[in-house]
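Have a look at the structure below, then the notes.
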Amino acid sequence: MKITVGIVGVTGYSGQELLKILLRHPNVSIGYLAARSLKKPSPLGEVLPSFRDIPGLKVHPFKLSDALASCELLFLALPHGVAMGLVPKIFRKPEMRVIDLSGDFRFPSKNVFEKAYKMRHTTPALLKNAVYGLSEWTREALPGARLVANPGCYPTATLLALAPLAAAGLLEKEGLIVDAKSGITGAGRSAKEDLLFSELNESLKAYKVDNHQHTPEMEQMLVRLGKKPAGITFVPHLVPLDRGIYSTIYAPLKKKLSNRQLREIYEKRYGNEPFIRLLPEKVWPDLKSVRGTNLCEIGITMDRQGKRAILISAIDNLGKGAAGQAVQNMNLVCGFPETSGLIWPDGRD
């Protein structure tokens with residue numbers, strides 16, 4: 001079985017990564033590629049030179065009627081605030097499916113979205129219809145879904161590390177600290193002065209300290225898993241790397257655990273997950289090991305007092321943090337093998 005898919009926003013970093021994955025996907029044919037900034041249809045290799053050896057594909061100025069006529073499923077790799085205006089029109093075509101990589105449908109609450117993203121939500125009726133696509137933890141809700149909200153990159157790295165403790169009811173409701181670093185592609189492809197090479201090279205800086213839009217996204221999922229409020233102090237940093245998210249988490253627990261007990265919790269939950277790499281004791285993630293993959297590496301230990309878990313996770317922000325997870329979600333939505341098209345570092349499907 002094959003489906004025809006399209007990408008709106010293919011010239012962005014996440015859109016390009018999506019295209020790389022989908023071109024090798026055995027269950028997918030590319031029906032439509034669009035960029036809102038384009039003035040006329042152009043060969044793919046002219047718009048994106050890294051795809052010069054891919055014949056026959058063109059990138060079009062976005063036109064909704066063309067997208068609907070060409071596809072069964074659309075990936076929206078667009079800035080926050082754009083998808084909410086498109087999805088109701090897309091859904092005029094029966095059975096059309098959407099995987100949205102922006103933040104527009106990640107919250108079931110209009111008020112929480114508007115407070116986090118500082119913009120008005122124009123289609124709040126659709127919020128409760130969206131499935132939050134943290135694949136390993138919302139897998140059962142994804143088959144047949146029409147609208148999937150792909151999680152943010154920081155929440156993906158952080159929640160995959162924290163979720164087993166939240167689900168076990170072990171997290172204290174206060175004192176949770178997340179210190180995370182991101183590569184520059186996480187800020188998108190638009191030209192911005194503070195993202196120039198000369199501004200970022202040989203530097204490191206925190207931003208949106210305890211005020212990032214991904215904080216409530218992480219908190220709501222922890223509440224969903226643990227059934228109780230969980231507050232996070234979240235401090236993101238920008239580092240002079242192209243891609244990658246490195247999240248160091250200090251998680252106070254309700255009871256003391258040994259390292260063996262902590263590891264048993266994670267092995268039980270992640271032992272059979274194809275894209276979670278739980279590292280051995282005293283081995284810690286590194287970004288090179290996950291670059292270009294849909295993997296999340298996780299290292300875990302208890303602190304010396306046995307009441308605080310130290311969790312470290314690493315993902316590729318364009319892979320597991322965006323395009324890779326979007327394809328993983330598509331596989332689950334459409335009933336394909338979950339790993340289909342998502343190549344492991346050693347080349348295995």
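Numbering starts at 1 and runs along the sequence shown.
- Checked for salt-bridge contact, Arg291 and Asp316 miss the test: no charged N lies under 4.0 Å from a carboxylate O.
- Annotation for Lys63: atom NZ does not count as buried by contact number, only 12 or fewer foreign heavy atoms lying within 6.0 Å.
- For the residue pair Gln325/Asn294, the side-chain donor-acceptor check at 3.5 Å is not satisfied.
- By the 4.5 Å heavy-atom criterion applied to side chains, Thr138 and Leu332 are not counted as neighbours.
- Here the closest non-hydrogen pair linking Ser102 and Asp100 is OG-OD2, 2.9 Å.
- Counting only heavy atoms from C-beta outward, the side chains of Thr339 and Phe275 approach each other to under 4.5 Å.
- In this structure Asp179 satisfies the salt bridge (Lys or Arg N to Asp or Glu O under 4.0 Å) test together with Lys181, sequence neighbours excluded.
- Among residues at least two apart or in separate chains, side chain to side chain donor-acceptor pair (under 3.5 Å) pairs with a member in residues 157-171 are Thr158-Ser247.
- A pairwise comparison of heavy atoms in Leu253 and Leu257 identifies CD1-CD1, 3.6 Å as the closest pair.
- In terms of the salt bridge (Lys or Arg N to Asp or Glu O under 4.0 Å) criterion, Glu219 has no residue partners (sequence neighbours excluded).
- No donor-acceptor distance shorter than 3.5 angstrom exists from the side chain of Asp104 to the backbone of His80, with no hydrogens or angles considered.
- Using a 4.5 Å heavy-atom cutoff, the side chains of Tyr32 and Ile30 are not in contact.
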Between Ile177 and Ile249, does a side-chain contact (heavy atoms from CB on, under 4.5 Å) hold up when you go through it step by step? CA-CA 6 Å; Ile177 297 171; Ile249 304 159; over 6 Å; no
Hey, mind stepping through Val131 and Phe105 against side-chain contact (heavy atoms from CB on, under 4.5 Å) and telling me if it holds? CA-CA 8 Å; Val131 176; Phe105 296 98; over 6 Å; no
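- The number of heavy atoms from other shown groups lying within 6.0 Å of NZ (Lys118) is above 12.
- When hydrophobic clusters are built by joining Ile, Leu, Val, Met, Phe, Trp and Tyr residues whose side-chain heavy atoms come closer than 4.5 Å, directly or via intermediates, Ile265 is grouped together with Leu176.
- There is no path of hydrophobic side-chain contacts, each under 4.5 Å, that joins Leu73 to Val82.
- For the residue pair Gln213 and Lys208, a side-chain donor N or O sits within less than 3.5 Å of a side-chain acceptor on the partner.
- Between Arg97 and Cys334, the closest heavy-atom pair is NH1-SG, 3.6 Å.
- Applying the salt bridge (Lys or Arg N to Asp or Glu O under 4.0 Å) rule to Glu267 yields the partners Arg260; only residues at least two apart in sequence or on another chain are considered.
- Salt-bridge annotation for Arg277 and Glu297: present, with a side-chain N of the basic residue lying under 4.0 Å from a carboxylate O of the acidic one.
- Under a 3.5 Å cut-off, the side chain of His237 and the backbone N or O of Ala180 do form a donor-acceptor pair.
- The cationic group of Arg269 lies under 6.0 Å from the six-membered ring centre of Trp137 and within 45° of the ring axis, placing it in a cation-pi geometry.
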Can you list the steps and then say if Ser340 with Leu342 is a side-chain contact (heavy atoms from CB on, under 4.5 Å)? CA-CA 6 Å; Ser340 192; Leu342 296 165; over 6 Å; no
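- With a 4.5 Å cut-off on side-chain heavy atoms, Thr156 and Cys153 do not count as touching.
- For the pair Glu136 and Lys320, the salt-bridge criterion is met [side-chain N within less than 4.0 Å of a carboxylate O].
- Between Val327 and Phe75, the shortest heavy-atom distance links the atoms N-CE2, 4.4 Å.
- The closest side-chain heavy-atom distance from Leu33 to Leu19 is below 4.5 Å.
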Could you check Phe234 against Asn211 for side-chain contact (heavy atoms from CB on, under 4.5 Å), going step by step and ending with a plain yes or no? CA-CA 8 Å; Phe234 176 54; Asn211 190 36; over 6 Å; no
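- Residues Glu17 and Arg243 are paired through a salt bridge, judged by an N-O separation under 4.0 Å between the basic side chain and the carboxylate.
- Here the closest non-hydrogen pair linking Leu38 and Pro61 is O-CB, 3.3 Å.
- Counting all heavy atoms, side chain and backbone alike, Phe107 lies closest to Gln220 at CD2-OE1, 3.3 Å.
- Residues passing the salt bridge (Lys or Arg N to Asp or Glu O under 4.0 Å) test with Arg263: none are found, sequence neighbours excluded.
- Residue pairs meeting the salt bridge (charged side-chain N to carboxylate O under 4.0 Å, His left out) criterion with at least one partner in residues 34-45, sequence neighbours excluded, are absent.
- By the 4.5 Å heavy-atom criterion applied to side chains, Phe62 and Ser37 are not counted as neighbours.
- Under 4.0 Å is where a charged nitrogen must lie from a carboxylate oxygen, and between Glu95 and Arg146 no such pair does.
- Under the 3.5 Å distance criterion, with hydrogens and angles disregarded, a donor-acceptor pair is assigned to the side chains of Ser135 and Asn329.
- Classification of the Tyr154-His214 ring pair by plane angle, with boundaries at 30° and 60°, yields perpendicular.
- With salt bridges taken as basic N to acidic carboxylate O contacts below 4.0 Å, one links Glu114 and Lys110.
- Under the 30°/60° scheme for interplanar angles, the aromatic rings of Phe113 and Tyr117 are found to lie parallel.
- A donor-acceptor pair shorter than 3.5 Å cannot be found between the side chains of Asn111 and Ser109.
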